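The structure displayed is predicted, hence computed values, not measured ones. The sequence lines fix the lettering, A, B, ..., with proteins before strands; numbering per chain opens at 1.
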Protein chains: 2
Amino acid sequence: MTQTPLSPRKPDAREKLLASALRLIRTKGYTATTVDDLCKDAGVTKGAFFHHFRSKDDLAVASARHWSQITSALFAAAPYHLPQDPLDRVLGYLDFRKDLVRGEVAEYTCHVGTMVQDVHLSAPEIRDACHDSIFGHAQTLEADMEAAANDRGITLPGGAASLALHTQAVLQGAFVLAKASGDAEIVRDSIDHLIRYIRQIYQSPHVEGGDMS
Amino acid sequence: MTQTPLSPRKPDAREKLLASALRLIRTKGYTATTVDDLCKDAGVTKGAFFHHFRSKDDLAVASARHWSQITSALFAAAPYHLPQDPLDRVLGYLDFRKDLVRGEVAEYTCHVGTMVQDVHLSAPEIRDACHDSIFGHAQTLEADMEAAANDRGITLPGGAASLALHTQAVLQGAFVLAKASGDAEIVRDSIDHLIRYIRQIYQSPHVEGGDMS
DNA sequence: ATGATAATACCGACTAGTTGGTATGTTGTA
DNA sequence: TACAACATACCAACTAGTCGGTATTATCAT
């Protein structure tokens, strides 16, 4: 009946476990999320878990890569890439990040940012997978930041890569404060500060289009 | 020597356990740090642990308050309070934070920032203790930020409290990226971005036309 | 088509070790 | 003797991971 012609197998349990991993680990943290928790949430058995993953750590690495795929697809399809001016694309990205801050804390915080705190010393493989996810995402901002600087004949303080990483630091840190206070508004406020900083760097006081309402 | 007259004895094990908690939890995370780990590191037995703390969560709350005391003493004694200009005190604080970023990741990252990610939903008491530590520290910056704004006749975008929290967000987020990459330089770079932002806020003579209320 | 063969996907009881926590001491001091 | 400050032995629940087994599907010679 429902048979995908391209993939001969349908590893249903694997996808359900990865989806549960994103939800549970973001809520409880990696160490506090047990294999049984994941199996119960995904509606599969332990046999299925260890059929698809050699260990809990193996699932963590896979979940980090899965997170990268989910998020890169989300951002690639987002409308902030449309403006001609690369600076507007950068500012559009930050507005888009603000729009994503809705609902419960676990719904808008970062899976790999949460996980890497738990395992950055004990599990280097997971840490590296988280690193690749965060830093890979930051790289997608570099080109626009660099192009906007070239358009205006300015040099970015610290370089485009440093500014791109700074945006991720602001987001990750704002998530920490949101977890401490339960208040999502803190995230939006910090992004607003970042938007002002970037506007001032490029010395572009005007606003294109109807954002920031 | 130093004997408190109010307490009949000095609870040596309690202080050793709290010191171990700061070191171990910053390294491994709260959930991954076991009671046995703490006892072994502190050189005490489990009996001593549960004599001084009702539960592991009780120690976590105590460790968050202990962290607040340690850090508030550190910052209160720091030389950045000396300048006459409150803006110089704010910038001196950020330079001081940069100087603290030395050695291993666990040596300069934030105990309560690490812990709150682990427990923000499962243990509200610990979360609140972490919240008080972070937001209380942020409050110590507010007065100088506000005074510096009044001296210059400007209005801070979002208010002094928001700017103070933003500094903490930048620091916490930079710690996350440092854990992911093992590179302390990332923290100093993000603080440099924050210093530029704050300098620009206070240097701009005009009222920012704009976004916030 | 059909049946044999083999590979994958999944099940759930089981285990060896770990977990936070307790019960019952012992020791030093006032 | 009274009490705080420990120490030792222990436990029930939980942990990641194992293992023999089954159901479903793919491959392929006939």
Inset, instruction - Report, as yes or no, whether the 6.0 Å neighbourhood of atom CD on B:E185 holds more than 12 heavy atoms from other residues, nucleotides or ligands. - result: yes

Inset, instruction - Could you check how far NZ of A:K40 sits from P of D:dT15, rounded to whole Å? - result: 11 Å

Inset, instruction - Starting from C1' on D:dA5, measure out to NZ on B:K16 and report it in whole angstrom. - result: 12 Å

Legend entry - Length of the line joining A:F53:CZ and C:dA9:P, which is rounded to integer Å: 12 Å

Inset, instruction - Look at the side-chain N and O atoms of B:K56 and state whether any lies under 4.0 Å from the OP1 or OP2 oxygen of C:dG20. - result: yes

Inset, instruction - Please work out whether the ring planes of B:F75 and B:H137 are parallel, tilted or perpendicular, with thresholds of 30° and 60°. - result: tilted

Inset, instruction - Tell me yes or no: between the side chains of A:H166 and B:S190, is some donor less than 3.5 Å from an acceptor? - result: yes

Inset, instruction - Return no unless some side-chain N or O of A:H51 is found under 4.0 Å from OP1 or OP2 of C:dC10. - result: no

Inset, instruction - Take the protein atom CG of B:D36 and the nucleotide atom C1' of D:dA9, then report the distance between them rounded to whole Å. - result: 13 Å

Inset, instruction - Could you tell me the separation between the NZ atom of B:K28 and the C1' atom of C:dT18, rounded to a whole number of Å? - result: 12 Å

Legend entry - D:dA16 base / A:K46 side chain donor-acceptor hit below 3.5 Å: yes

Inset, instruction - Name the orientation class of the two ring planes belonging to A:Y93 and A:Y80 (parallel below 30°, tilted from 30 to 60°, perpendicular beyond 60°). - result: perpendicular

Inset, instruction - For B:G47 and for A:T31, locate the closest nucleotide of DNA chain D by heavy-atom distance; then report the residue assigned to the nucleotide nearer the 5' terminus. - result: B:G47

Inset, instruction - Give A:T34 one of three labels, base, sugar-phosphate or nothing, depending on what nucleic acid heavy atoms sit under 4.0 Å from its own. - result: sugar-phosphate

Legend entry - B:Y30 OH to C:dT19 P, straight-line distance once rounded to whole Å: 14 Å

